[in-house]
Chemist: 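A single structure is presented below for examination.
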Amino acid sequence: MNKKKIIVVLLILGMLGGVVGYKMYNKPHVNVNDTKADFSVNANAFLNEFSTDETKANTKYLEKIVSVKGIISSIKVENNKGIISLKTDDDFGSIQCHLSDEATKSINNLKEGQNITVKGICTGYLMDVILVKSEIIN
Amino acid sequence: MKPIITLICCLFIITISNSQERYLTKNGAVNFFSKAPMEDITADNNQVLSIIDATTGKMAISILMKSFLFEKALMQEHFNENYVESDKYPKATFKGSILNFDAINSTKSKAKVKGNLTIHGVTKEYLIEGNFTRTDDAILVDGEFTVNLDDFGIKIPAVVAKNIAKNIKVSFKFNHTPFKK
């Protein structure tokens, strides 16, 4: 009787462990659309923070969801992925927003010079500050 | 050490930016593929910055580690936190020269690039072969090579040794266009 109970308990624990393990292994990516932005900034200030102190900006923004407001300076599609750049005062740097597959579908509604807010995950700074998995807010 | 590397990179980029003929891409693609007994893992990065100075044949590439996107969120987390330590080493870089750059023309041909690859804070010299095509308005480069994780001090715990290969296949594709301000 007692042995049986122990076996049943162990089985249940094992199954729970299996389910938890499987869930963890298949943990979904962050859904940018459904998550509130960690920071809301404007394109110029955002680039400035990176160009003045990259290390500090990295600590603050990397892997965070950032909503960036700015003016579209270019729109293109490469390998079926939409990329829009937001204008800044800097000659070389801009904010490069790599759009999600969903957002790429509606890229034709966008125009250069348009005011826009983009929400995406910040991955760092090369010549430009880069956002991936971006969604268009308005 | 890191500020020095950054400074050198900046200087390098500035030097290139000042010369007349430079080609660059901000959307270069780098993919890596790990084939292990337990699973195959692949990750894509489409935000690679690559610059070629067409007067000297020098090439500079910068890669953000956090821009590598994986199929599973957990793999991406482990990659960034445990293996390449992206918080400490946010970028991988390659700086080198294209050998026989002048021989490259509008017909696709093979050429070698010799230079230093830095990943995870460790720099190693590489000789990488790629396919090059040069026209007036573009320099196309693609190819692949192998990176050994031990070379760059990236440790894989014994528990997942069957899930992650020691030698990672890296493939790249850059479509450089003339740089206009």
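Reminder, nothing fancy here: chain letters follow the sequence lines and each chain counts from 1. Because the structure is predicted, anything quoted here is derived from the model rather than measured.
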Chemist: Among B/Leu24, B/Asn27, B/Asn175, which residue forms the greatest number of heavy-atom pairs with chain A at distances under 4.5 Å?
Modeler: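 Sorted descending by pairs with chain A, the first entry is B/Asn27.
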
Chemist: Measure A/His29 against the heavy atoms of chain B and call it side chain, backbone, both or neither at under 4.5 Å.
Modeler: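 For A/His29, backbone and side chain are both near chain B.
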
Chemist: Who wins among A/Asn26, A/Leu62, A/Asp128 for the most heavy-atom pairs under 4.5 Å with chain B?
Modeler: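 When all of A/Asn26, A/Leu62, A/Asp128 are compared, A/Asp128 has the most.
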
Chemist: What is the distance from atom CD of A/Glu63 to atom OG of B/Ser86, rounded to the nearest 0.5 Å?
Modeler: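 Reported to 0.5 Å precision, the distance equals 7.0 Å.
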
Chemist: Can you check whether A/Gln96 reaches B/Gln47 side chain to side chain, under 4.5 Å on heavy atoms?
Modeler: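 No. Closest side-chain heavy atoms not under 4.5 Å.
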
Chemist: Which heavy atom in A/Tyr25 sits nearest to a heavy atom in B/Glu39, and how many Å separate them?
Modeler: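 Result for this residue pair: OH-OE1, 2.6 Å.
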
Chemist: Which atom pair, heavy atoms only, marks the closest approach of A/Asn58 to B/Pro90?
Modeler: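 In this case the closest contact between A/Asn58 and B/Pro90 is ND2-CG, 4.0 Å.
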
Chemist: Which bit of B/Gln76 comes within less than 4.5 Å of chain A, counting heavy atoms only: side chain, backbone, both or neither?
Modeler: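 The side chain, not the backbone.
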
Chemist: Taking atom CD of B/Glu71 as the centre, does the number of heavy atoms from other residues, nucleotides or ligands within less than 6.0 Å exceed 12?
Modeler: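 Open: at most 12 neighbouring heavy atoms sit under 6.0 Å from CD of B/Glu71.
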
Chemist: Looking at every heavy atom in both B/Ala73 and A/Pro28, which two are closest together, and how far apart are they?
Modeler: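 For B/Ala73 versus A/Pro28, the nearest heavy atoms are CB-O, 3.5 Å.
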
Chemist: More than 12 non-hydrogen atoms from neighbouring residues, nucleotides or ligands closer than 6.0 Å to CG on B/Asp150, yes or no?
Modeler: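 Yes, enclosed.
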
Chemist: Can you tell me if CD on A/Glu112 sees more than 12 non-hydrogen neighbours from other groups inside 6.0 Å?
Modeler: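 Result for CD/A/Glu112: enclosed.
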
Chemist: What do you reckon, is NZ of A/Lys69 surrounded by more than 12 foreign heavy atoms closer than 6.0 Å?
Modeler: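 Count not over threshold, so no.
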
Chemist: If you apply the rule side-chain hydrogen bond (donor to acceptor under 3.5 Å, both in side chains), what do you find for B/Asn46 with A/Lys81, and how did you get there?
Modeler: CA-CA 9 Å; B/Asn46 291 302; A/Lys81 289 178 175 31; over 6 Å; no

Chemist: I'd like to check B/Lys66 versus A/Ile121 (side-chain heavy atoms, cut-off strictly below 4.5 Å). Are they in contact?
Modeler: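 Sidechains of A/Ile121 and B/Lys66: no contact.
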
Chemist: Test of understanding: clusters of I, L, V, M, F, W, Y form through side-chain heavy atoms closer than 4.5 Å, transitively. Do B/Leu140 and B/Phe145 belong to the same one?
Modeler: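 Hydrophobic grouping puts B/Leu140 apart from B/Phe145.
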
Chemist: May I ask you to test the A/Leu126-B/Lys26 pair for a side-chain heavy-atom distance under 4.5 Å?
Modeler: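 With C-beta onward as the side chain, the pair stays apart.
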
Chemist: Using a cut-off of 6.0 Å, state whether more than 12 heavy atoms not belonging to B/Lys112 lie near its atom NZ.
Modeler: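 No, because the 6.0 Å sphere around NZ of B/Lys112 holds 12 heavy atoms or fewer from other groups.
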
Chemist: Is there a continuous path of hydrophobic side-chain contacts, each under 4.5 Å between heavy atoms, that joins B/Val84 to B/Val122?
Modeler: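 Same hydrophobic cluster.
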
Chemist: Is it true that atom NZ of A/Lys119 has more than 12 heavy atoms of other residues, nucleotides or ligands lying nearer than 6.0 Å?
Modeler: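 Counting neighbours around NZ of A/Lys119, more than 12 heavy atoms of other residues, nucleotides or ligands fall under 6.0 Å, so yes.
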
Chemist: Does any non-hydrogen side-chain atom of A/Thr123 lie less than 4.5 Å from one of B/Met65?
Modeler: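 Not touching, per the 4.5 Å side-chain cut-off.
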
Chemist: Answer yes or no: is there an ion pair linking A/Glu54 with B/Lys91, defined by an N-O contact shorter than 4.0 Å?
Modeler: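 Yes, A/Glu54 and B/Lys91 are salt-bridged.
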
Chemist: Indicate, with yes or no, if B/Ile52 and B/Leu99 share a hydrophobic cluster defined by side-chain heavy-atom contacts under 4.5 Å among Ile, Leu, Val, Met, Phe, Trp and Tyr.
Modeler: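 Cluster IDs for B/Leu99 and B/Ile52 differ.
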
